[in-house]
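Quick notes on the structure that follows.
Just so it is clear, the model here is predicted, and its values are computed rather than measured.
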Amino acid sequence: QVQLVESGGGLVQPGGSLRLSCAASGFTFSLFSMSWYRQAPGKERELVATITTGDLTNYKDAVKGRFAISRDNEKNMVYLQMNSLKPEATAVYFCNAHRISTCSPPLDYWGQGTQVTVSA
């Protein structure tokens, strides 16, 4: 079965750093674009960062220069390094795997999320 398991969340002070990890299994990891989303209480889930199958990255404007997404296809892992954290980064962070196929419906897998709280 498909599994995406996030870890690394926690409480951090403003200006601090945190590294999130996502362990993937049950599908061909290298064929999927991987993303991190986040959802704060009362707000919609938003895309934070994406890394493609070709290792191209894209970020939400608000986190550019401070966050970095990476992947390790040999380990089926994706990471989100978060530096210079601000209180507005407080949210549940979700790992997402996405694949668009020309001959089948698109595939979209989600993890359960990990809580990140930025507070003094």
Side-chain angles (χ1 to χ4, degrees):
Q1 61 269 55
V2 170
Q3 284 191 310
L4 295 174
V5 182
E6 301 96 335
S7 62
L11 175 64
V12 64
Q13 293 185 334
S17 297
L18 212 57
R19 187 196 191 201
L20 305 183
S21 299
C22 174
S25 61
F27 63 99
T28 306
F29 180 80
S30 62
L31 298 180
F32 284 72
S33 173
M34 301 298 299
S35 296
W36 288 96
Y37 287 75
R38 68 187 180 191
Q39 186 169 26
K43 296 185 178 180
E44 296 184 359
R45 187 172 298 184
E46 64 178 359
L47 177 63
V48 178
T50 296
I51 184 165
T52 70
T53 57
D55 291 331
L56 299 177
T57 59
N58 195 29
Y59 300 91
K60 176 181 174 67
D61 286 344
V63 307
K64 288 181 178 178
R66 300 186 297 111
F67 288 15
I69 188 171
S70 61
R71 68 190 297 161
D72 186 338
N73 288 344
E74 293 185 352
K75 297 181 179 180
N76 288 0
M77 296 286 292
V78 61
Y79 308 95
L80 184 66
Q81 179 67 47
M82 304 185 294
N83 299 324
S84 301
L85 282 164
K86 301 176 180 179
E88 47 263 48
T90 297
V92 177
Y93 284 71
F94 298 90
C95 181
N96 167 262
H98 183 72
R99 182 187 181 192
I100 298 176
S101 175
T102 59
C103 57
S104 64
L107 300 177
D108 207 10
Y109 304 136
W110 293 90
Q112 294 298 305
T114 185
Q115 177 71 47
V116 172
T117 302
V118 184
S119 176

Legend entry - Worked check of side-chain contact (heavy atoms from CB on, under 4.5 Å) between T114 and V92: CA-CA 5 Å; T114 185; V92 177; over 6 Å; no

Legend entry - Derivation and outcome, side-chain contact (heavy atoms from CB on, under 4.5 Å), residues K60 and L47: CA-CA 7 Å; K60 176 181 174 67; L47 177 63; over 6 Å; no

Inset, instruction - Show your reasoning for whether side-chain contact (heavy atoms from CB on, under 4.5 Å) applies to S119 and L11. - result: CA-CA 7 Å; S119 176; L11 175 64; 4.3 Å; yes

Legend entry - Criterion side-chain contact (heavy atoms from CB on, under 4.5 Å) on L4 and M34, from CA distance to verdict: CA-CA 11 Å; L4 295 174; M34 301 298 299; 4.2 Å; yes

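Under the 4.5 Å side-chain contact rule for hydrophobic residues, F32 and V2 share a cluster. When the side chains of ILVMFWY residues are joined at heavy-atom separations under 4.5 Å, either directly or via intervening members, M77 and F94 end up in two distinct hydrophobic clusters. At a threshold of 4.5 Å between side-chain heavy atoms, the hydrophobic network of Ile, Leu, Val, Met, Phe, Trp and Tyr places L85 and Y59 in one connected group. Cluster annotation: Y37 and Y109 are assigned to distinct hydrophobic clusters (Ile/Leu/Val/Met/Phe/Trp/Tyr, side-chain heavy-atom contacts under 4.5 Å, transitive).
Closest of all the heavy-atom pairs between A40 and A91 is N-CB, 3.8 Å. In terms of heavy atoms, Q39 sits closest to K43 at NE2-O, 3.1 Å. Between A89 and V118, the closest heavy-atom pair is CB-CG2, 4.2 Å. The nearest pair of heavy atoms linking L80 to A49 is CD1-CB, 4.1 Å. Nearest heavy atom pair, residue A120 against residue P14, reads N-CD, 3.7 Å.
A heavy-atom distance below 4.5 Å is not found between the side chains of T50 and T57. A heavy-atom distance below 4.5 Å is not found between the side chains of R99 and P106. Within the 4.5 Å cutoff, no side-chain heavy atoms of L107 are placed close to those of H98. I51 has its side chain within reach of V78: a pair of non-hydrogen atoms, C-beta onward, lies under 4.5 Å apart.
To the nearest 0.5 Å, atoms CD (Q112) and SG (C95) are separated by 11.5 Å. To the nearest 0.5 Å, the span separating CZ on R45 from CG on N96 amounts to 8.5 Å. Put simply, CD on E6 and CH2 on W110 are 9.5 Å apart, with the number rounded to the nearest 0.5 Å.
Counting only residues at least two apart or in different chains, side chain to side chain donor-acceptor pair (under 3.5 Å) contacts with residues 79-94 comprise S17-N83, R38-Y93, Q81-N83.
For W36 and F67, the distance between ring centers is not under 6.0 angstrom.
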Do any side-chain atoms of residues 18-29 form donor-acceptor pairs under 3.5 angstrom with protein atoms, and if so which ones, sequence neighbours left out?
none

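The number of heavy atoms from other shown groups lying within 6.0 Å of CD (E46) is above 12.
S101 contributes no side-chain N or O that, together with a main-chain N or O of P105, makes up a donor-acceptor pair within less than 3.5 Å.
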